[in-house]
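Everything quoted here is computed from the prediction, not taken from an experiment. Within every chain, numbering begins at 1; the chains are lettered A, B, ... in the order of the sequence lines, protein sequences first and strands thereafter.
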Amino acid sequence: MRITGVPAGWPATEAAARAVQDELRGRVVLDEPGPPPGTGRVTGVDVAYDDARDLVAAAAVVLDAATLDVVAEATAVGRVSFPYVPGLLAFREIPAVLAALEALPSPPGLVVCDGYGLAHPRRFGLASHLGVLTGLPSIGVAKNPFTFTHDDPPRARGTSAPLRAGGEEVGRALRTRDGTRPVYVSVGHRVSLDNALAHTLALTPRHRLPETTRRADALCRRALREAAQGQFAGPGQDSSTDPSPDSSTRQAPTS
DNA sequence: GCGACAG
DNA sequence: ATCTTGTCGC
């Protein structure tokens with residue numbers, strides 16, 4: 001599978017991007033509980049950038065929700081499609097993420113994003129946007145606070161405090177390890193907030209961040225530096241150094 | 001008007 | 001996100 005730098009019809013201005021969010025926002029499904037935590041598959045997605053070389057690399061890593069073992073993974077490399085603008089992160093990350101998800105050899109199940117879903121200025125962050133475009137259940141687990149107010153949850157793992165915006169609860173600050181900073185969980189698409197929290201706790205038996213995002217982060221960084229090396233080597237006869245957008249897939253060793 | 005602001 | 005050494009702690 002190949003991806004282009006910027007998909008046809010992709011918004012080119014901030015105003016156009018906001019208009020897309022306002023139009024797609026209504027397609028978010030909030031009345032489904034989502035898949036039961038600890039069962040089926042859970043997929044982490046993440047993106048790494050090399051703005052100087054205009055390169056972007058995305059990774060999708062599928063885990064068995066019960067064992068957290070890697071079941072499958074895929075990467076996609078392309079050109080940057082949008083600058084980083086708070087509130088418009090999805091337009092920067094989604095093209096590459098979609099390409100990586102499409103390159104997977106097996107169904108993603110629940111998608112865990114690095115960022116926000118409903119806890120967004122227009123209630124349509126990356127996790128919700130990706131969920132609507134794919135139809136997959138999705139949640140957002142962010143490392144840093146964004147547009148909302150909240151109190152710090154108690155010190156113990158498993159405790160949480162509401163994320164409030166415009167009087168409504170748009171997510172929860174969740175402590176995934178005793179004494180460490182909380183992560184910020186919000187619903188993306190077709191998952192309840194309680195289930196999003198339960199999934200996040202199931203994915204953090206040992207670290208602050210979910211295993212899904214840790215795996216995806218490591219993989220997209222590796223894909224990026226390999227792509228950068230290929231570009232540095234320049235166009236050649238060796239297919240492994242081809243600079244054109246590309247993606248790859250791998251099945252986890254079975255048994 | 002000014003500051004803040006996922007990755 | 002990314003630039004970056006050593007260092008404190010589980």
Colleague: Establish, from distance only, whether the side-chain atoms of R177(A) and H207(A) form a donor-acceptor pair under 3.5 Å.
Modeller: no
Colleague: Do any side-chain nitrogens or oxygens of R221(A) fall under 4.0 Å of OP1 or OP2 in dA1(C)?
Modeller: yes
Colleague: Among the clusters formed by ILVMFWY side chains lying less than 4.5 Å apart, do L209(A) and L163(A) turn up in the same one?
Modeller: no
Colleague: Check the pair F124(A), Y116(A) against ring pair (Phe, Tyr, Trp, His ring centres under 6.0 Å), reporting the backbone distance first and the verdict last.
Modeller: CA-CA 8 Å; F124(A) 196 67; Y116(A) 288 96; over 10 Å; no
Colleague: Quick check: F82(A) with W10(A) (ring centres under 6.0 Å apart)?
Modeller: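 For W10(A) and F82(A), the ring centres are not under 6.0 Å apart.
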Colleague: Between R123(A) and E168(A), is the closest basic N to carboxylate O distance under 4.0 Å?
Modeller: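 Looking at R123(A) together with E168(A), the answer is yes, because their closest N to O distance falls below 4.0 Å.
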Colleague: Considering only heavy atoms from C-beta outward, does the side chain of L98(A) approach that of T134(A) to under 4.5 Å?
Modeller: yes
Colleague: Quick one about T204(A) and R157(A) (side-chain donor to acceptor, distance below 3.5 Å, no hydrogens or angles considered), yes or no?
Modeller: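 T204(A) and R157(A) do have a side-chain donor-acceptor pair below 3.5 Å.
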Colleague: If pairs are Watson-Crick or G-U with both distances under 3.5 Å, what is the dot-bracket string of DNA chain B, marking crossing pairs with [ ] and pairs to another strand with |?
Modeller: .......
Colleague: What's touching nucleotides 2-7 of chain B from the protein side, N or O pairs under 3.5 Å?
Modeller:
unit_1, atom_1, unit_2, atom_2, d
dA6(B), OP2, Y84(A), OH, 2.8
dA6(B), N7, G87(A), N, 3.1
dA6(B), N6, G87(A), O, 3.1
dA6(B), N6, L88(A), N, 3.4
dA6(B), N6, L89(A), N, 3.2
dA6(B), N6, H120(A), NE2, 3.4
dA6(B), N1, L126(A), N, 3.2
dA6(B), N3, Y116(A), N, 3.1
dG7(B), OP1, K143(A), N, 2.8
dG7(B), OP2, N144(A), ND2, 2.4

Colleague: Side chain to side chain contact (heavy atoms under 4.5 Å, CB included) with P137(A): which of V42(A), V29(A), L110(A)?
Modeller: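 Of V42(A), V29(A), L110(A), side chain to side chain contact (heavy atoms under 4.5 Å, CB included) with P137(A) is met by L110(A) alone.
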Colleague: Figure out the CG/C1' separation between D217(A) and dT2(C), and round it to whole Å.
Modeller: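 Between C1' of dT2(C) and CG of D217(A): 12 Å.
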Colleague: I'd like to know whether CZ of R25(A) has more than 12 heavy-atom contacts from other residues, nucleotides or ligands below 6.0 angstrom.
Modeller: yes
Colleague: Rounded to the nearest angstrom, tell me the gap between atom NE2 in H207(A) and atom C1' in dG9(C).
Modeller: 14 Å
Colleague: Using both pair distances under 3.5 Å as the test, note the stems of at least 3 consecutive Watson-Crick or G-U pairs that include DNA chain C.
Modeller: none
Colleague: Do Y49(A) and E93(A) pair up side chain to side chain, a donor and an acceptor below 3.5 Å, judged on atom types alone?
Modeller: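 A donor-acceptor contact under 3.5 Å links the two side chains.
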